[in-house]
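Every chain is numbered from 1 and lettered A, B, ... according to where its sequence line falls, protein lines coming before strand lines. Predicted model only: the values in this text are computed from it and were never measured. Side chains included, hydrogens not; waters and symmetry mates left out as well; all remaining heavy atoms used.
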2 protein chains.
Amino acid sequence: METTAPTLSRKAQIDQTATALFRRRGYAATSMRELAAALGIEAGSIYSHIRSKEEILHRICFRLADEFMAGLRHATADASASAATQLRRAIESHVRVLIHDADASVVFLHEWRHLSEPALSEFLKLRHDYEAAYRELIARGVEADELQTPDPAFAALTLFASLTWLPNWYRPGGKLGPDQIAERLTDQLLGGLAK
Amino acid sequence: METTAPTLSRKAQIDQTATALFRRRGYAATSMRELAAALGIEAGSIYSHIRSKEEILHRICFRLADEFMAGLRHATADASASAATQLRRAIESHVRVLIHDADASVVFLHEWRHLSEPALSEFLKLRHDYEAAYRELIARGVEADELQTPDPAFAALTLFASLTWLPNWYRPGGKLGPDQIAERLTDQLLGGLAK
DNA sequence: CCTACCGATCGGTAGG
DNA sequence: CCTACCGATCGGTAGG
């Protein structure tokens, strides 16, 4: 019987193990020697697969940025769908990424500030565009009278807040799945506004 | 004319400067030499006022825990007030601490994990009790039919999410003051539920 | 509060 | 992938 677990390349193993460590202890507090120990090799050996510690962080942050962006594009691809529907789909996609790639998501959310320039500015621009797209969706929904909220900007803030907080409480196998979480967020945070 | 600015003790200056640095760069990524430079003294000199780097973090985290706890106690002291009123007052108090002590609040919210035992466990217990008190308030409000929400536990999560996210967007002098933010949070997050 | 320093650890490299 | 090591920097201390 052959093994079914796909064999990760050493580089992929490094990324995966580093992601878990960066999440648990923070990027700055994680040493390359800890990472090496977790991989069962010596510290120096890591550098035949990667160039620097920050390169790992860079890869994690921008890979996740890509995933979130791709989900958003997919959710808004159907121009015939209402803004409310596009928003719900976007939230669902975001929640799925958070849940499916939980460790990397938390690193993406909290450790990006340790990127140095010019990566830091690139990252912030991506995040700004992502958030702007959500604000735009909410604004369109309000304008089309599909959504109602007393303060669209505030609604967007609470939405991002809840999405960012999710990894702090979500446990796989809990009573709420991705779809139900997305539904609750869409309904409750935006004022139960899907009319 | 006498100076009105109160002269901070050197220890208080160290705490204040460290708080700003810990917020901006993170606890682990902030060195005592950076802190010393920001204070205009040499690194070794800091240690005539404090015992260790972690002692500073400890003081920040537990001072803020005290502030949040005291606000909660004050908000719930009037037993004749409804649960909804107590909840609104508690949120107002929390928002005021976040805004008034912004740097320290962010350190409290994100850098506590660098505390070592037994402080870490003490801290987590305080936070757990604090969150439990909010869940209790929400549950009492729902039971008394003063609040309505499809899922009280979920409402509590979105509330903490929004409170934790606030320092990320709040700018002093913006259009929303503490009271209005607290009102929006109470109304919008809990389903516009103050009947 | 400074000078001078401690041992430990950091990210990273050379050579095999 | 390991051994052996680099210079830099870390938190912290002794002595004045």
Side-chain angles (χ1 to χ4, degrees), chain A residues 6-62 107 110-120 123, chain B residues 6-62 107 110-120 123:
Chain A
T7 306
L8 288 177
S9 71
R10 201 44 143 170
K11 188 170 175 179
Q13 283 179 48
I14 290 172
D15 280 2
Q16 194 178 69
T17 306
T19 301
L21 285 170
F22 290 171
R23 175 186 186 169
R24 189 173 344 125
R25 318 224 315 112
Y27 173 79
T30 302
S31 75
M32 296 304 274
R33 280 159 181 81
E34 281 179 86
L35 174 56
L39 288 160
I41 61 179
E42 295 302 316
S45 306
I46 294 177
Y47 291 90
S48 23
H49 303 282
I50 62 151
R51 271 179 294 255
S52 70
K53 184 186 179 186
E54 189 178 329
E55 186 197 285
I56 305 175
L57 179 64
H58 185 283
R59 205 154 42 232
I60 297 168
C61 289
F62 283 83
V107 173
H110 298 300
E111 306 297 329
W112 55 265
R113 61 175 164 169
H114 295 108
L115 291 170
S116 55
E117 297 290 359
L120 181 58
F123 181 88
Chain B
T7 306
L8 288 177
S9 71
R10 203 43 145 169
K11 188 170 173 178
Q13 284 179 48
I14 290 171
D15 280 3
Q16 194 178 69
T17 306
T19 301
L21 284 171
F22 290 173
R23 176 186 186 172
R24 187 169 350 124
R25 321 224 314 112
Y27 174 78
T30 302
S31 76
M32 296 304 274
R33 280 159 180 83
E34 281 179 86
L35 174 56
L39 289 161
I41 60 178
E42 295 301 315
S45 306
I46 295 178
Y47 291 91
S48 22
H49 303 280
I50 62 151
R51 271 179 295 257
S52 69
K53 182 184 178 185
E54 188 178 331
E55 187 197 285
I56 306 176
L57 179 65
H58 185 282
R59 206 155 41 233
I60 298 169
C61 288
F62 282 83
V107 174
H110 298 302
E111 305 298 330
W112 55 265
R113 62 176 165 167
H114 295 109
L115 292 169
S116 56
E117 296 292 358
L120 181 59
F123 181 89

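- Considering only side-chain atoms of B:Arg33, the nucleotide from C:dC10, C:dC5, C:dC1 that sits closest is C:dC5.
- Atoms OH (A:Tyr27) and P (C:dC10) sit 13 Å apart, rounded to a whole Å.
- Between B:Ile60 and B:Glu111 there is no side-chain heavy-atom pair separated by less than 4.5 Å.
- When the P atom of C:dT9 is taken as reference, atom CZ of A:Arg25 falls 13 Å away, rounded to whole Å.
- Looking at residues 42-56 of chain B, you'll see B:Glu42, B:Ser45, B:Ser48, B:His49 sit with a heavy atom under 4.0 Å from some atom of DNA chain C.
- One interatomic measurement links the two molecules: CG of A:Leu35 to P of D:dC1, which rounds to 12 Å at whole-angstrom precision.
- Put simply, the side chain of A:Tyr27 gets close to the backbone of A:Glu54: a donor and an acceptor are under 3.5 Å apart.
- In this structure D:dA14 sits in a base pair with C:dT3, meeting the Watson-Crick or G-U test at under 3.5 Å.
- Nearest heavy atoms, B:Ile56 versus B:Asp15: CG2-OD1, 3.7 Å.
- Here the closest non-hydrogen pair linking A:Ala119 and A:His58 is CB-CD2, 3.5 Å.
- Residues A:Arg25 and A:Glu34 form a side-chain contact, since some pair of their non-hydrogen atoms from C-beta on lies under 4.5 Å apart.
- In this structure, the side chains of A:Arg59 and A:Lys11 come closer than 4.5 Å at one or more pairs of heavy atoms.
- What separates CD of A:Gln13 from P of D:dC1 is a distance of 8 Å, to the nearest Å.
- To the nearest angstrom, C1' of D:dA4 lies 17 Å from CD1 of A:Ile41.
- Look at D:dA8: its Watson-Crick or wobble partner, with both distances under 3.5 angstrom, is C:dT9.
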